There are 2 protein chains.
Amino acid sequence: MASISEIPDIVIGRLPIYLRALTQLIQQGQEITSSHELGQRLGISSAQIRKDLSHFGEFGKQGTGYQISHLQAQLKQILQVNREWPLVVVGAGDLGRAIAHYGGFVERGFRVVGLFDNDPAKIGTGAPDLKVKDIAEITDFVRERNIKIAMIAVPAEHAQAVCDTLVKAGVRAILNYAPITLTVPEGVHVQYIDPVTHLQRMTYYLD
Amino acid sequence: MASISEIPDIVIGRLPIYLRALTQLIQQGQEITSSHELGQRLGISSAQIRKDLSHFGEFGKQGTGYQISHLQAQLKQILQVNREWPLVVVGAGDLGRAIAHYGGFVERGFRVVGLFDNDPAKIGTGAPDLKVKDIAEITDFVRERNIKIAMIAVPAEHAQAVCDTLVKAGVRAILNYAPITLTVPEGVHVQYIDPVTHLQRMTYYLD
DNA sequence: TAGATTGTTAATCGATTAACAATC
DNA sequence: TAGATTGTTAATCGATTAACAATC
């Protein structure tokens, strides 16, 4: 088991995939799995799964495999999603509202606690428990609640400014839905969701 | 310039990122760039960018760099997005509707031409030009129009069945928003968008 | 010309896989 | 026990980077 600082980011990136697959197996009523079965489902070699897990400890039993609930609990702990992270969504357009009201976050470790926009026509509207707030209030909101995670769903031309504001307020992890690369200081993590880049990656292979 | 069949998928995956950055530079009024500048913006080494591009030809000029509009046109051609791909969205919940009405597809090579759901309460509703259609009609719809691309935004438990239907109808590229890994035959491409996996990848690094 | 940047080669670096002893 | 599967090592494979001749 290597020291934590040496674990490659590409390995960290696969852990949520493993976690998701384990949750699915549990829902199907299964209690035990193997690196082979998991690999087949995910299109990953069994050796890679065992190697990835070995960075963090020993979670299986020779001859048997892995108790799914146990491995799931371990992965949640490693990824720090055995708690609930509050997060804010910036941008209350179609996409921002859809994200903010998505029901699948809570069971996987996240809760949307604020939805912000700069459009006066939108501020105050929406579900009673998640009314759109004025973007001007976001710094205080994030600071007071010690929020570390945000999702950006504003037009591309405003994304960098929103990002800067969030970082200044203390946000350390950003999921960016705007189709631009953000510049952030060291220690701030950014992930990107741009459906078009995924589509373009596939059209290359189409006839 | 290597033969096309040898080009690593990881290289293909970076081309849409380059294309997106070039488009942004053009919008900012810039006409020439270099591998160094592009790399700085994207957090990628200049050597990697030059190496990636060299798989497809020579697009730059020594001492000068790249004419952005030319490189952009070349990348569009390589990725086959110098045309407009029709696609269907399956699932007319909050997320599916938000995706279907997203305005950013057309300028990047895609057009949503159909939105489907199995809920009678939803069928027939929505914008006049993109009314929700009955999922029962999707096979004919896809076949008749020779549609090759689909986005899946249905609950996880229905995603695999929808996927099977789409593939049988002729779809060859699927962007899946449901949080499960899909099983598809050889020759069918799948990309995944699951915001939670991205978030979980970042929480690992948070204090 | 002098300075800059490409395209490409070779070296380095890191990730994946094969194989197997350990052991349940 | 016999069969199965883990965790780990070493080998392989592939991707990234450094360096530089070519040349605009």
Side-chain angles (χ1 to χ4, degrees), chain A residues 1-18 21-22 25 30-75 78 201 204, chain B residues 1-18 21-22 25 30-75 78 201 204:
Chain A
M1 176 177 171
S3 103
I4 275 188
S5 62
E6 299 170 13
I7 297 169
D9 180 61
I10 197 166
V11 172
I12 304 303
R14 280 191 292 262
L15 298 187
I17 309 296
Y18 299 162
L22 292 173
L25 284 171
Q30 203 168 321
E31 295 188 353
I32 302 282
T33 190
S34 65
S35 59
H36 181 75
E37 180 183 50
L38 214 45
Q40 280 230 316
R41 287 205 164 220
L42 299 177
I44 292 177
S45 79
S46 62
Q48 177 155 90
I49 291 173
R50 294 198 302 278
K51 186 103 211 295
D52 284 351
L53 296 178
S54 76
H55 286 100
F56 304 96
E58 309 189 354
F59 307 117
K61 228 182 222 173
Q62 282 105 324
T64 309
Y66 302 90
Q67 195 193 338
I68 300 176
S69 61
H70 177 245
L71 183 54
Q72 182 193 44
Q74 295 293 308
L75 287 180
I78 292 164
R201 183 178 188 155
Y204 172 81
Chain B
M1 178 176 170
S3 105
I4 276 188
S5 63
E6 299 171 13
I7 297 169
D9 180 63
I10 197 165
V11 172
I12 304 303
R14 281 191 293 262
L15 299 186
I17 309 295
Y18 299 161
L22 293 172
L25 284 170
Q30 204 167 319
E31 295 188 353
I32 303 281
T33 191
S34 66
S35 58
H36 182 74
E37 180 182 51
L38 214 45
Q40 280 230 315
R41 286 205 166 220
L42 299 177
I44 291 176
S45 79
S46 63
Q48 178 155 89
I49 291 172
R50 294 198 303 279
K51 186 107 210 292
D52 284 352
L53 297 178
S54 76
H55 287 100
F56 304 96
E58 308 189 356
F59 308 116
K61 227 182 224 171
Q62 283 104 324
T64 309
Y66 302 90
Q67 195 192 338
I68 300 176
S69 61
H70 177 246
L71 183 53
Q72 183 194 41
Q74 295 294 309
L75 288 180
I78 293 164
R201 184 178 187 154
Y204 172 81

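Here is the naming used below: chain letters follow the sequence lines, and residue numbers restart at 1 for every chain. None of these values were measured; they are calculated from a predicted model.
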Side-chain N,O (S35(B)) to OP1/OP2 (dT5(C)) below 4.0 Å: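 The answer is no; no side-chain N or O of S35(B) sits under 4.0 Å from OP1 or OP2.
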Less than 4.5 Å apart, side chain to side chain, heavy atoms only: is that true for F56(B) and I7(B)?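 They are in side-chain contact.
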Given side chains that start at C-beta, do those of R50(A) and Y66(A) come closer than 4.5 Å, heavy atoms only?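 Touching, per the 4.5 Å side-chain cut-off.
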Looking at every heavy atom in both [X] and [Y], which two are closest together, and how far apart are they?
X: L42(A); Y: A21(A); answer: CD2-CB, 3.9 Å
X: I68(A); Y: Q30(A); answer: CD1-O, 3.6 Å
X: H70(A); Y: F59(A); answer: ND1-O, 3.9 Å
X: S54(A); Y: K51(A); answer: OG-O, 2.7 Å
X: I12(A); Y: R201(B); answer: CG2-O, 3.9 Å
X: Y18(A); Y: D52(A); answer: OH-OD2, 2.6 Å

Where are the stems of DNA chain C, defined as at least 3 consecutive Watson-Crick or wobble G-U pairs with both distances under 3.5 Å?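 As far as DNA chain C goes, consecutive pairing (with distances under 3.5 Å) yields the stems C:3-24 with D:3-24.
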Separation of atom [atom1] in [X] from atom [atom2] in [N], rounded to whole Å:
X: E58(B); N: dT5(C); atom1: CD; atom2: P; value: 18 Å
X: F59(A); N: dT6(D); atom1: CZ; atom2: C1'; value: 13 Å
X: I32(A); N: dC24(C); atom1: CD1; atom2: P; value: 15 Å
X: E37(A); N: dT6(D); atom1: CD; atom2: P; value: 10 Å
X: H36(B); N: dA4(C); atom1: NE2; atom2: P; value: 12 Å

With rounding to the nearest 0.5 Å, note down the distance linking OH in Y204(A) to CG in D9(B). 9.5 Å
Each nucleotide in nucleotides 10-20 of chain C should get exactly one letter: B, S or -. Can you fill that in based on protein heavy atoms under 4.0 Å? -----SBBBB-
Tell me which residues in residues 60-75 of chain B lie within less than 4.0 Å of DNA chain C, going by non-hydrogen atoms. G60(B), K61(B), Q62(B), G63(B), T64(B), G65(B), Y66(B)
Side chain to side chain contact (heavy atoms under 4.5 Å, CB included) between L25(B) and R41(B), worked out: CA-CA 10 Å; L25(B) 284 170; R41(B) 286 205 166 220; 3.5 Å; yes
Verdict with reasoning, L38(A) to I44(A), per side chain to side chain contact (heavy atoms under 4.5 Å, CB included): CA-CA 8 Å; L38(A) 214 45; I44(A) 292 177; over 6 Å; no
